[in-house]
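One structure is given below, encoded as structure tokens.
Reminder, nothing fancy here: chain letters follow the sequence lines and each chain counts from 1.
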Amino acid sequence: MSWFARYVRSTVGAKHVMAVTGLLLFLFAIVHMVGHLQMFGGPDMYNAYANFLQNLWEVKWPTRAGLLALLLIHVAVAIGLVARNRGARPVAYAMYKPVVSRSAGRAMAWTGMALFAFLAFHIIHFTAGQVQPKYFHTLDAQGRIDAYSMFVRGFQNVGIYATYLAGMVLLALHLGHGAASWLQSLGLRHPKYPADRLGLPIAAFLFVGYMLPPTAVLVGLIRLPGA
Amino acid sequence: MSDSHEELDLTLHVWRQPDRAAPGKMVAYKVTGVSTHASFLEMLDILNEQLVARGEEPVAFDHDCREGICGMCSLMINGRPHGGMRATTTCQLHMRFFKNGDEIWIEPWRAHAFPVIKDLCVDRTAFDKVISIGGFVSANCGSAPDANDLLVPKEAADRAMDAAACIGCGACVAACPNGSAMLFVAAKLSHLHHLPQGQPERLARTGAMVSAMDEAGFGACSNHYECEAACPKDISRDVIAELNRDYARSAFVHRERANKADGSG
Ligand code: FES
């Protein structure tokens, strides 16, 4: 086995992989969130942004491929770790009282799996446009893909809103542990800096940032052009 | 004896398992007349006297120094290693913290790497294997050097001593939801790596001890820090961060490890 294979198969190396892939996915989540906040800038701004990204196919496809690879590595290594950790305690305690760990941290495998399902739904919904096909694939006045209207029509539906709300709760729970954890996993946590406490603020920041535009749509602050 | 002396009657739920291969189960026992001055292990001695008097098999449990320094005692007590009092081993846990009529659940450490030998005794050879692969320095030190011959900064000496306080009891593994031994292994590394003598073999030692830990079947660290809360010697999670950092260096920059792995050196 090469030194690199031995490294990533070790428990510590696997945690390094989880931390690095998790961090990169998190950075994407921030960029993605900032992009959607442009819904507050009106149809022109949002559609210009959406079409700019859509037409940048030299960047778009490698980015998609990279994100998919990161996600698959993150999931595959996680499955290996969970299997190993379950195997490390074959007989459960009759009484076991964790005192400092949070349930969200211990439930990373569950929130991770649910998030994976949510991401699949999100891609079918917005990227492929197959959940509400009649709202998608429309063009705006300038002949651009009308991403703004599809966003508004999408979140005017309470069921869709609730699905995304659930997805963002999962994301916040998952990141609450992940963001507090990655510096320690990479050995970069230092007692002088409160890295362990980063989880909650980061999770709250992403949750609020992501839920602002859909909530504005639901309560009628963001409307269809001309409505 | 102080006036606070009282006697307790307790109900114990104890894991009984005749040997490694046989299945075990929780068995309830009444134990009576336990002095509040007794330690937890003395309470088990009293139980065993009462069991022997009735012609029953006494409960096997590990112990040695009974003064909190050897790491031999163990026991998951009411779902917490060593009973969950901060920085306290089971032998130093006293019955005055219990009330008359209490029910107490007593189980062995649960980990694949710590198989039950009998009742509450587990086999902690996996820890010995980790130590034997790297928990030492192989420099020939000769006779004891003069004091202050080798200068060690106070902060480094303190951190080495803090890590060296580990008594290898296994409470970290028992407390961890993943059955991970990271706090133990990291403490053993940290106590050498804050001293000059530990530096020459630092990366090789880190790589080797992590491999031994993985081979023994311990889980991975998910940063839950239950180990830190359970440690009877208050070892800090900081040592795990040191291990994580050194392991990356051991994998990516340590030449010896690369050579060994591809068989060329
Ligand atoms: S018996 Fe030695 S530490 Fe408890």
Side-chain angles (χ1 to χ4, degrees), chain A residues 1-20 77-78 80-109 177-178 180-192 195-196 199, chain B residues 13 15 24 26 76-80 84 105 107-108 110-113 116 173-182 206-207 210-211 213-214 217-226 228-230 236-238 240-252 254 257-262:
Chain A
M1 214 190 302
S2 78
W3 67 268
F4 189 75
R6 292 205 319 169
Y7 166 69
V8 293
R9 277 159 185 244
S10 72
T11 49
V12 181
K15 289 299 297 185
H16 289 168
V17 174
M18 293 305 288
V20 170
V77 175
L81 282 167
V82 169
R84 186 184 174 92
N85 294 345
R86 298 269 150 95
R89 176 157 302 133
V91 182
Y93 289 109
M95 188 184 280
Y96 174 64
K97 285 192 199 136
V99 283
V100 286
S101 58
R102 304 224 169 92
S103 33
R106 293 195 306 274
M108 286 301 267
H177 181 73
S181 201
W182 68 277
L183 281 165
Q184 169 79 358
S185 288
L186 293 175
L188 302 175
R189 189 184 65 81
H190 189 282
K192 266 192 174 172
D196 293 344
Chain B
H13 300 271
W15 180 260
M26 299 298 287
M76 200 72 172
I77 301 165
N78 287 338
R80 298 290 307 141
W105 296 72
E107 296 174 76
R110 294 288 186 202
H112 169 75
V116 172
V173 176
C176 176
N178 303 342
S180 169
M182 284 285 275
T206 304
V210 168
S211 298
M213 168 181 89
D214 286 355
F218 292 109
C221 177
S222 294
N223 307 321
H224 295 307
Y225 309 130
E226 290 293 345
E228 186 187 56
S236 157
R237 65 183 77 170
D238 293 354
I240 298 181
E242 288 168 25
L243 180 157
N244 286 335
R245 190 167 57 234
D246 278 348
Y247 190 73
R249 290 175 56 217
S250 142
F252 285 97
H254 184 46
R257 192 151 180 257
N259 290 342
K260 269 195 196 128
D262 64 19

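- The main-chain N or O of B/Arg110 is found under 3.5 Å from a side-chain atom of A/Arg89 such that the two form a donor-acceptor pair.
- For the options B/Gly84, B/Cys176, B/Pro108, heavy-atom pairs under 4.5 Å to chain A are most numerous at B/Cys176.
- Contact of A/Ala5 with chain B is not made at all, since no heavy-atom distance falls under 4.5 Å.
- With a 4.5 Å cut-off on non-hydrogen atoms, B/Glu242 does not touch chain A at all.
- Using a 4.5 Å heavy-atom cutoff, the side chains of B/Asn244 and A/Val12 are in contact.
- For B/Arg245, the CZ atom is densely surrounded, since the number of other residues' heavy atoms within 6.0 Å is greater than 12.
- Only the side chain of A/Leu81 comes within contact range of chain B, judged by heavy atoms closer than 4.5 Å.
- Note on ring orientation: taking the six-membered ring where Trp is involved, the planes of B/Tyr247 and A/Tyr7 are parallel (angle under 30°, cut-offs 30° and 60°).
- Contact annotation for A/His177: only side-chain heavy atoms (C-beta onward) come within less than 4.5 Å of a heavy atom of chain B.
- Put simply, the side chain of A/Gln184 gets close to the backbone of B/Arg237: a donor and an acceptor are under 3.5 Å apart.
- Taking CG from B/Asn223 and CE from A/Met18, the interatomic distance works out to 11.0 Å, rounded to the nearest 0.5 Å.
- Distance check: A/Trp3 CH2 to B/Phe252 CZ gives 4.5 Å after rounding to the nearest 0.5 Å.
- In this structure, B/Met26 CE and A/Tyr93 OH are separated by 11.5 Å, a value rounded to the nearest 0.5 Å.
- If you tally non-hydrogen atom pairs under 4.5 Å between each of B/Ser222, B/Ser236, B/Ala229 and chain A, the highest count goes to B/Ser222.
- Between the side chain of A/Arg84 and the backbone N or O of B/Asp214 there is at least one donor-acceptor pair closer than 3.5 Å.
- Here A/Met95 contributes atom CE and B/Ile77 contributes atom CD1; the two are 12.0 Å apart, rounded to the nearest 0.5 Å.
- Using a 4.5 Å cut-off on side-chain heavy atoms (C-beta onward), A/Tyr96 and B/Met76 make contact.
- Judged by distance alone, with hydrogens and angles left aside, the side-chain atoms of B/Tyr225 form no donor-acceptor pair with the main-chain N or O of A/Val100 at under 3.5 Å.
- In plain terms, the two heavy atoms of A/Ala88 and B/Gly219 that are nearest each other are CB-N, 3.4 Å.
- In this structure, no portion of B/Ala230 lies under 4.5 Å from any heavy atom of chain A.
- Counting heavy-atom pairs closer than 4.5 Å to chain A, the top-ranked of the candidates B/Ala111, B/Pro177, B/Ala113 is B/Pro177.
- Interface remark: of the candidates A/Ala180, A/Ser101, A/Pro98, A/Ser181, A/Ser101 forms the most heavy-atom pairs closer than 4.5 Å to chain B.
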